Amino acid sequence: MVKYATTLELAAISLERSSTVPLYLQLYQQLRRDILSGQITAGKRLPSTRDLAIHLEVSRNTVSAAFDLLLAEGYIEGKVGSGTYVAQILAERMDCTFDRKNNRDRPKDSRLSSKNLSKQAQQMLAIKDVALRYRQEPPRAFCLSVPALDAFPIDVWSKLTTKHWRSQQADLFCYGDPCGYRPLREQIAQHLKMTRAIQCEAEQVIIVSGSQQALYLATSLLIDPGDAVWMEDPGYLGARSVFLGAGANLVPVPVDEQGLNVEVGIGKNLHAKLVYVTPSHQFPLGASMSLTRRLSLLQWASQSGAWILEDDYDSEYRYKGQPLTALQGLDRRGNVIYMGTFSKVLFPALRLGYLVVPSELVEIFAAARATIDRHSPMLEQAVLADFIAEGHLTRHIRKMRMLYAERQEALVSSARSLGELISVRPCDTGMHLVGWLQEGICDRVVCRLLARQEITTRPLSSYYLKPPARGGLVLGYTAIDCDRIRKAVEELEIILKKIAV
Ligand SMILES: Cc1ncc(COP(=O)(O)O)c(C=O)c1O
């Protein structure tokens, strides 16, 4: 005997006539829910479209459209008009997708367990807090790595963008070279030769979506799980998360006013496969690596065959004298892989950066890039190539140097009034400063209290692999104007005075 779904079983269906969701879709969703939850069991015959339309006071077309969808997705079987049944197969298979007890879809991550995840996914789970630390928030005092967005030459950028949209240049709308848009690679090679004494040809320049992808590519191609990697301590969390995600054995190497201490690194692990350095402006402490250290690092790398990953993230902003030459410019053996980004000189959402790799690695990097996401968006690359070629980049950097020098001065001079509580020393390079806190003040606590006042800082201690003796704050000063910097320092003073007593 055929069992019909009773009016009681259909009683839970309630259609919201004022909703923006069409009635047929509401009906489909509710029938699907009731079938999955077992409210209407497998094998039950649904009422005819006519009866159901009368029961729900909707048109027959509405019911037919809902049934058609359920039929197409396999929730019901049979022909509309000659009897429609809840599919049999569902009774056996439903449990894996639907939590009947709580009458809802099973949460997706309830499946996560070490047995169905790759080793790399398990590493990612372990480091997710470091990897996901970037928050999306508007520019505030003292957020890091955010340039003065209000001073960006948006008119020029939009003119160039419009020009390229209008040109309908076919190569900007098709698949491109995984190494990047050729004119952009040429402009970058030229720019790096002039400003950073980098030795390279355009062929060695690979466009990436920011330094983060450069780190990921280099790490996946150059190290295996368990390989030793020297990491500046304190050092950049973006790099740390990539190395940990790849299962590297991180070797913390201390930094001082001459940068990474190569001797200590050699003493700790002579055979490291890779070293990550920020020689022009150590992140976060700010030292530039001395020539002696640069030469001994290159010597060790050429003897041991280690790779040096040089992250030159903000050296365009040098406030006194000429920008320092890059480590890559001194390398005669092809051990250095150089990376740079447009996140700081233009804006981080652009997601464009570059690698300069030894010639013999170009194809390997290109193949790896092509397998990840083929290449970066072509239109932005073309706009950027023109932006550099027409001199806008150089002009913008020159302007920003003046602006950031003023903002740094505003931070340093206003922080002087805080006396012993925090010591903020000026720096010739970059976009942030370190404020060393009076001994005994916990940097994490200060950051939490500042966050309540909508002030973003990062505790210096979070960048260390080995806990430091003294805490500090890493203070970005480029994103906001001098007045806001001074006001934020006043807030900081109030908080520090409260904590210090
Ligand atoms: C040391 C360092 N390298 C690189 C970057 C830039 O990363 P991306 O190019 O992925 O935006 C940053 C920005 O926070 C940084 O602090």
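Both counts, for ligands and for their atoms, begin at 1 and track the order of listing. Source: prediction; values computed, not measured.
- Here Ser211 has heavy atoms under 4.0 Å from ligand 1 in both its backbone and its side chain.
- Against a heavy-atom cut-off of under 4.0 Å, Asp311 is close to the following atoms of ligand 1: 1 (C), 2 (C), 3 (N), 4 (C).
- Under a 4.0 angstrom heavy-atom cut-off, Lys344 registers as being in contact with ligand 1.
- Taking the six-membered ring where tryptophan is involved, the planes of Phe152 and Phe387 are essentially parallel, since the angle between them stays under 30° and well short of 60°.
- Relative to atom 12 (C) of ligand 1, the option among Tyr313, Tyr236, Phe283, Phe347 with the closest non-hydrogen atom is Tyr236.
- Salt-bridge check for Asp312 with Arg196: passed, with a basic side-chain N closer than 4.0 Å to an acidic carboxylate O.
- Taking the six-membered ring where the residue is Trp, Tyr477 and Tyr319 present tilted rings, their angle falling between 30° and 60°.
- The ligand atoms of ligand 1 that sit less than 4.0 angstrom from a heavy atom of Ser145 are 13 (C), 14 (O).
- Asp177 and Arg185 are joined by a salt bridge, as a carboxylate oxygen and a charged side-chain nitrogen come within less than 4.0 angstrom of each other.
- Considering backbone and side-chain N/O atoms, Thr278 never comes within less than 3.5 Å of an N/O atom of ligand 1.
- Where the criterion is an N or O separation shorter than 3.5 Å, residue side chain and backbone included, Tyr276 fails it with respect to ligand 1.
- Of the charged side-chain nitrogens involved, none lies within less than 4.0 Å of a carboxylate oxygen, so that Glu491 and Arg452 do not count as a salt-bridged pair.
- Between Asp256 and Arg293 a salt bridge is recorded (basic side-chain N to carboxylate O distance below 4.0 Å).
- Proximity of Arg351 to ligand 1 is established by a heavy-atom distance of less than 4.0 Å.
- At most 12 non-hydrogen atoms from other residues, nucleotides or ligands lie less than 6.0 angstrom from CD of Glu420.
- Against a heavy-atom cut-off of under 4.0 Å, Thr341 is close to the following atoms of ligand 1: 8 (P), 9 (O).
- Close contacts between ligand 1 and Gln212 involve ligand atoms 10 (O) [criterion: under 4.0 Å to a heavy atom].
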